[in-house]
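Sequential numbering from 1 along the given sequence is applied to the chain's residues.
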Amino acid sequence: MGRDVPALTFTREDRRRYRIKMQQCLDALAQMLRESRFEAERPQVGLEIELNLVDDRAEPAMRNTDALEAIADPAWDTELGRFNLEINIAPRRLTEGGPDAWESEIRSALNHAEERARSIGTRLIMTGILPTLRHEDVGEGALSENPRYRLLNDQIFAARGEDLHIEVTGVDRLRAYADTITPEAACTSTQFHLQVDPEDFAAYWNAAQAIAGVQVALAANSPFLFGKELWHETRIPLFEQATDTRPEEIKVQGVRPRVWFGERWITSVFDLFEENLRYFPALLPLCDDQDPAETLLRGDIPDLGELTLHNGTIYRWNRPVYAVSRDKPHVRVENRVLPAGPTVADTLANGAFYYGLTRGLVEEERPVWSRMSFSAAEDNLRTAARYGIDARLYWPGMGEVPAAELVLRRLLPLAHRGLELSGMDDAWREPLLGIIEQRCVTGRNGAVWQKEMFHHIDATAHCGRHEALRRMTQQYIDYMHLNAPVHTWPVE
């Protein structure tokens, strides 16, 4: 939810008007889909990266406002916690500018921000969960200053009526309670955007859902939370629990969670926006003055403000996005399953695998989602989050197989094919997908390195758990800046 909102309270009349306005937006969207009014000729990709701010000891630094002032770049913005920042990389064609253009742009932006952050005594780190984060770091005082976060916090707790309960069992067991949504700020992610023709949206969304577990297995990078060693991608269960508006009694009634994988394959982008209206009460019932029907009637493009605001408070792991750019509407898939980091090289490899594999699956004669149950795709995501690259995942025609074997035998060739169809030649594809291949061959990703490095320090330095996590995090930052893929990082 990127929109700034005022600090206020909502009345029953606000909610009634908002429900009516959302239905009007949904009707307008249906009309636009029927009339094919969408931009589809020059599809683009985009990238958002959430980062953590730390001090010179790799402890969380609650200074995102100061850091933003120092960076002074509109591409950067606050996130939920005072120790978070987010960068939005400008959208582009997938093959625009040659093989090194996107990496150079991202690294340049991050290096500039790191230099400016250092000027105020902070540093940036790309990781799924900051390993040095303690439970006391995510209290009410850690909430960012922007009023939209306070308002969202108040609305979630008004819906819940009780404190959040966070429980994750991995190597260790974590049980905690929170009276704000700030634990969600511990979750820092990479979000890949893929603009598609509305007629192709369902196929791309279904493909993205089918591979979500594979993505997480390969790229897991969040094994520690509040000093506990938990899942390889602890960010998945943490995010689900830290934004849950449902008390226990509502959960057992089958009410859908706001962090949601979904429950079925779809046939149209309309399905997802219609589900949003049907299943989820509004958290932020703010209406604008635009009448979408009148706007369409005079030949203009409506913003569908209420529909998009509501969509921003429903956290699907693959989220539909409607937006207007250069006076033309478009739709895109926002892929939200991956953690941030460890490096720009790893991030771009993850992106190449995602963009190539979804295209490869969409082009198959018999779609994978016609041969695989939706629940199997959801089970894959949860299994991958728990076991990372060691997970065994289900795939049609192969049964349950190790994630690395599935990628090497079946999915990596498809990703190559998809990138080739997108206009990316072999000399460009090989370095990117070669990183994915080597992760599978070595069985090493960010979560594996963090766990191994932590245990190495703990066993050799005898310095205590938090100190071992702190030293590991400092080493992580150093390797991150070298930009060597994480499967090459030593443990010493």
Side-chain angles (χ1 to χ4, degrees), residues 1-2 48 50-53 60 62 64 78-86 127-144 146 148-170 172-191 216 220-248 250-251 255-261 280-281 283-284 312-317 319 336-340 381-382 385-386:
M1 187 200 71
E48 300 173 63
E50 298 168 353
L51 302 97
N52 291 285
L53 275 173
M62 307 291 173
N64 63 359
T78 57
E79 258 296 327
L80 179 64
R82 291 177 184 265
F83 55 93
N84 299 144
L85 288 177
E86 178 182 87
T127 185
I129 294 175
L130 180 62
T132 54
L133 196 69
R134 306 178 201 239
H135 189 230
E136 54 264 35
D137 293 323
V138 293
E140 185 175 359
L143 202 63
S144 283
N146 193 310
R148 73 174 184 252
Y149 299 121
R150 172 66 58 188
L151 185 57
L152 184 64
N153 177 82
D154 293 345
Q155 293 302 304
I156 286 177
F157 275 90
R160 278 188 64 85
E162 60 187 51
D163 287 352
L164 290 169
H165 179 215
I166 297 169
E167 183 166 352
V168 185
T169 300
D172 302 320
R173 185 180 185 187
L174 172 68
R175 297 184 69 183
Y177 288 88
D179 57 4
T180 73
I181 61 170
T182 321
E184 180 197 331
C187 306
T188 38
S189 66
T190 299
Q191 294 151 30
V216 168
N221 195 31
S222 313
F224 297 100
L225 174 63
F226 303 155
K228 305 283 189 179
E229 184 177 352
L230 301 167
W231 291 13
H232 283 239
E233 191 50 40
T234 306
R235 185 182 58 90
I236 297 289
L238 173 60
F239 192 63
E240 290 174 343
Q241 296 176 41
T243 54
D244 201 340
T245 57
R246 306 167 303 163
E248 288 300 321
I250 298 299
K251 288 182 188 179
V255 173
R256 281 86 172 170
R258 292 192 94 93
V259 178
W260 199 32
F261 187 76
F280 299 99
L283 286 180
L284 302 171
T313 65
I314 298 160
Y315 306 97
R316 296 176 186 270
W317 292 113
R319 177 193 273 166
R336 303 165 49 82
V337 298
L338 292 185
L381 176 61
R382 190 150 297 274
R386 183 156 196 164

query: Under 3.5 Å, side chain of Thr245 to main-chain N/O of Arg160, donor-acceptor pair present?
result: no
query: Looking at Gln241, Arg175, Lys228, which hits side chain to side chain contact (heavy atoms under 4.5 Å, CB included) with Val168?
result: Gln241
- prompt: What's the spacing between Thr313 OG1 and Arg148 CZ if we round to 0.5 Å?
  reply: 13.0 Å
field: Closest approach of Asp179 to Phe157 (non-hydrogen atoms, all atoms of both residues)
entry: C-CZ, 3.3 Å
message: Angle between ring planes, Phe280 versus Trp260, binned at 30° and 60°: parallel, tilted or perpendicular?
response: perpendicular
CG on Leu51 to CG on Leu130, rounded to 0.5 Å: 11.0 Å
Over 12 foreign heavy atoms within 6.0 Å of CD, Glu167: yes
- prompt: Backbone N or O of Thr180 within a donor-acceptor pair of the Asn153 side chain at under 3.5 Å?
  reply: no
- prompt: How long is the gap from OH on Tyr177 to NE2 on His165, to the nearest 0.5 Å?
  reply: 4.0 Å
- prompt: Going by heavy atoms in the side chains, are Trp317 and Val259 under 4.5 Å from each other?
  reply: yes
query: Below 4.5 Å, heavy atoms only, C-beta onward: do Asp244 and Lys251 meet side chain to side chain?
result: yes
field: Main-chain N/O of Gly227 paired with Arg134 side-chain donor or acceptor, under 3.5 Å
entry: no
- prompt: Taking the side chain as C-beta and beyond, is there a heavy-atom pair between Pro257 and Glu240 under 4.5 Å?
  reply: no
query: To the nearest 0.5 Å, how far apart are NE2 in His135 and CG in Leu174?
result: 7.5 Å
- prompt: For the side chain to side chain contact (heavy atoms under 4.5 Å, CB included) test, which of Leu133, Ile129, Asp137 pairs with Phe226?
  reply: Leu133
task: Indicate the atoms forming the closest heavy-atom contact of Arg246 with Val255, along with that distance.
output: NH1-O, 2.7 Å
field: Minimum heavy-atom distance Arg82-Gly141, with the two atoms named
entry: NE-O, 2.9 Å
query: So, the side chain of Ser222 versus the backbone of Thr234: is there a donor-acceptor pair under 3.5 Å, distance only?
result: no
task: Determine, stepwise, if the pair Glu50 / Arg235 fulfils salt bridge (charged side-chain N to carboxylate O under 4.0 Å, His left out).
output: CA-CA 13 Å; Glu50 298 168 353; Arg235 185 182 58 90; over 6 Å; no
- request: Could you tell me the separation between the CZ atom of Arg319 and the CD atom of Gln191, rounded to the nearest 0.5 Å?
  value: 7.5 Å
message: If you define the side chain from C-beta out and look only at heavy atoms, does anything of Thr182 sit under 4.5 Å from Tyr149?
response: no
- prompt: Taking Asn64 for the side chain and Asn84 for the main chain, is one N or O donor matched with an acceptor at less than 3.5 Å?
  reply: yes
Expected output: side-chain Ser189 to main-chain Ala340 donor-acceptor under 3.5 Å: no
- prompt: Considering the options Thr243, Ile181, Asn146, which one meets the side chain to side chain contact (heavy atoms under 4.5 Å, CB included) requirement together with Leu152?
  reply: Ile181
- prompt: Between the side chains of Thr188 and Asn52, does any donor sit under 3.5 Å from an acceptor?
  reply: yes
- prompt: Quick one: are Leu225 and Trp231 in side-chain contact, heavy atoms under 4.5 Å?
  reply: no
task: Taking all non-hydrogen atoms of both residues into account, name the closest pair between Gly128 and Pro339 and its distance.
output: CA-CB, 3.6 Å
field: Side-chain ion pair, Glu48 and Arg336, N-O less than 4.0 Å
entry: no
- prompt: Between atom CG of Leu164 and atom CD of Glu184, what is the distance when rounded to the nearest 0.5 Å?
  reply: 9.5 Å
- prompt: Does Asp172 use its side chain to pair, donor to acceptor, with the backbone of Glu229 at less than 3.5 Å?
  reply: yes
